[in-house]
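Read through the structure below, which is laid out as structure tokens, and then see the notes.
Every number for a ligand or one of its atoms is a count from 1 in the order of the listing. Predicted model only: the values in this text are computed from it and were never measured.
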Amino acid sequence: MNTQKILIAGPCAAESQKQLYKTAKALFEFNTVHANHFDFQYFRCGIWKARTNPGDFQGVGDTAFEWLKEIKEQFGFKICVEVASKEHASLCIRNNTDAIWVGARTTVNPFIVQEIADAVQHSSLTVLVKNPVNPDINLWAGAIRRFQNAGIKSVMAVHRGFSVENENVYRNAPCWEIPVALKMKLPDIPVLCDIAHIAGNVSLQQNVAQTAVNYGFDGLMAEVHYAPEKALSDSKQQLLPSQFAHLLENITLPDAGNLAERELFIQRNLIKNIDIQISKLLSKRMEVVDEIATIKAKHALPVLQPNQWKKVVEIYEENMLKDENYRQFLEEFLLLLHKSSLKRQE
Ligand code: PEP
Ligand code: MN
């Protein structure tokens, strides 16, 4: 069993020849040290940047291809660049880029993804597909299939987190159950974790990387800059080369022999996520019940309204697993839910 993890690292954006060179040199020096556990496959950088605000640094464009050729010659790194259009993809092929990645804001658009897939079809490029910004596994899997259908032999998925409501720890919510489900759905596609865009800062990345490894991810993508404080984009989440080396040293790789523990770990964490959601939803439901109580009291309506309760039961029955044990559980659970709701209202 190959336990080596794929590594992709480099700055968020190519900014200058000097910045790329200094960053690549530092990565090269540490890479020789860590060759045992990690397989450094690509030096990454954005040359066209999809920025939220029009005034922000938009990338240097195709000027960077010359700088990247130098990195390839000097350090032997293969190069990975983000594309957001068929024109970008064609330019990457013309400039001998080894891999491209489709960014989160591009994966959401099947028209553009298909145009990129058509532009690179039957090429030897490796294509990495980041998850769409919204937590939609089918949109992600669909984009991956478009590249497989275009004859791309090496396609990988990159988990970079999702934009969801009420996320206040991470820049992009990990929603680990989605990449784990993608791995089950597409077992031949390596899944990497982009620790920078999930964390949004330096301090959370060790933990995000360890969680990804524990979940059985096939590798990591990181943003590394020789001087993050000077970076023109994503400066808070770019690691110094030494911080990246330290992060890798501190990752505990799972014991390949203990498969049962690994499989249980994954499922237990999925359950934990579901329980968190159920507990939050139940609290929310109680709050709405309190609102309903206020309305009923104001209009002197009876607390118990049997027809309304019948409608609630129907919702649960519609989504019910076809299994006797579960039916019994649901009956008891709904009874309890109804009782506590009435008690609150009284
Ligand atoms: C990036 O990797 O620099 C980037 C812009 O990523 P994402 O598409 O995940 O936002
Ligand atoms: Mn970035």
Legend entry - ligand 1 atoms in contact with Trp101 (distance to a heavy atom under 4.0 Å): 1 (C), 2 (O)
Inset, instruction - Note the single closest protein heavy atom to atom 8 (O) of ligand 1, along with its residue, its atom name and the distance in Å. - result: Ala104 N, 2.8 Å
Legend entry - Angle at the Mn ion (ligand 2) (to 10°), with one arm to OD2 of Asp234 and the other to NE2 of His197: 80°
Legend entry - Side chain proximity check, Ile47 to His88, heavy atoms < 4.5 angstrom: no
Inset, instruction - State the atoms of ligand 1, each with its element, that fall below the 4.0 Å cut-off from a heavy-atom position in Lys49. - result: 1 (C), 3 (O), 5 (C)
Legend entry - atom 4 (C) of ligand 1 [closest protein heavy-atom partner, distance rounded to 0.1 Å]: His197 NE2, 3.4 Å
Inset, instruction - Provide the number and element of each atom of ligand 1 under 4.0 Å from a heavy atom of Cys12. - result: 3 (O)
Legend entry - Glu66 bridged to Lys69 by N-O distance under 4.0 Å: yes
Inset, instruction - Check Glu223 and report its N/O/S atom nearest to the Mn ion (ligand 2), by atom name. - result: OE2
Legend entry - Test item: Ile251 and Leu247 side chains (from C-beta on) under 4.5 Å apart, heavy atoms: yes
Legend entry - Asp234 N/O under 3.5 Å from ligand 1 N/O: no
Inset, instruction - Keeping the roles fixed (side chain from Asn131, backbone from Arg160), state whether a donor-acceptor pair exists under 3.5 Å. - result: yes
Legend entry - Expected output: side-chain Lys185 to main-chain Ile137 donor-acceptor under 3.5 Å: no
Inset, instruction - Using a strict 4.0 Å cut-off to heavy atoms of Arg105, name the atoms of ligand 1 that fall inside it. - result: 10 (O)
Inset, instruction - Return the orientation label for the Phe162 and His159 ring planes: parallel under 30°, perpendicular over 60°, tilted otherwise. - result: tilted
Inset, instruction - Please say whether more than 12 non-hydrogen atoms of neighbouring residues, nucleotides or ligands are located less than 6.0 Å from NZ in Lys72. - result: yes
Legend entry - Plane angle bin for Phe28 and Phe77 - parallel if under 30°, tilted between 30 and 60°, otherwise perpendicular: tilted
Inset, instruction - Quick one: look up the protein heavy atom nearest atom 5 (C) of ligand 1 and list residue, atom name and how far away it is. - result: Glu82 OE1, 3.6 Å
Legend entry - Donor-acceptor under 3.5 Å (Asn201 side chain, Lys236 main chain): no
Legend entry - Per-atom contacts of ligand 1 with Gly103, taking only distances under 4.0 Å to non-hydrogen atoms: 8 (O)
Legend entry - Distance from atom 9 (O) of ligand 1 to nearest protein heavy atom, with residue and atom: Arg160 NE, 2.6 Å
Inset, instruction - For atom 7 (P) of ligand 1, state which one of Lys130, Glu223, Met221 supplies the nearest heavy atom. - result: Lys130
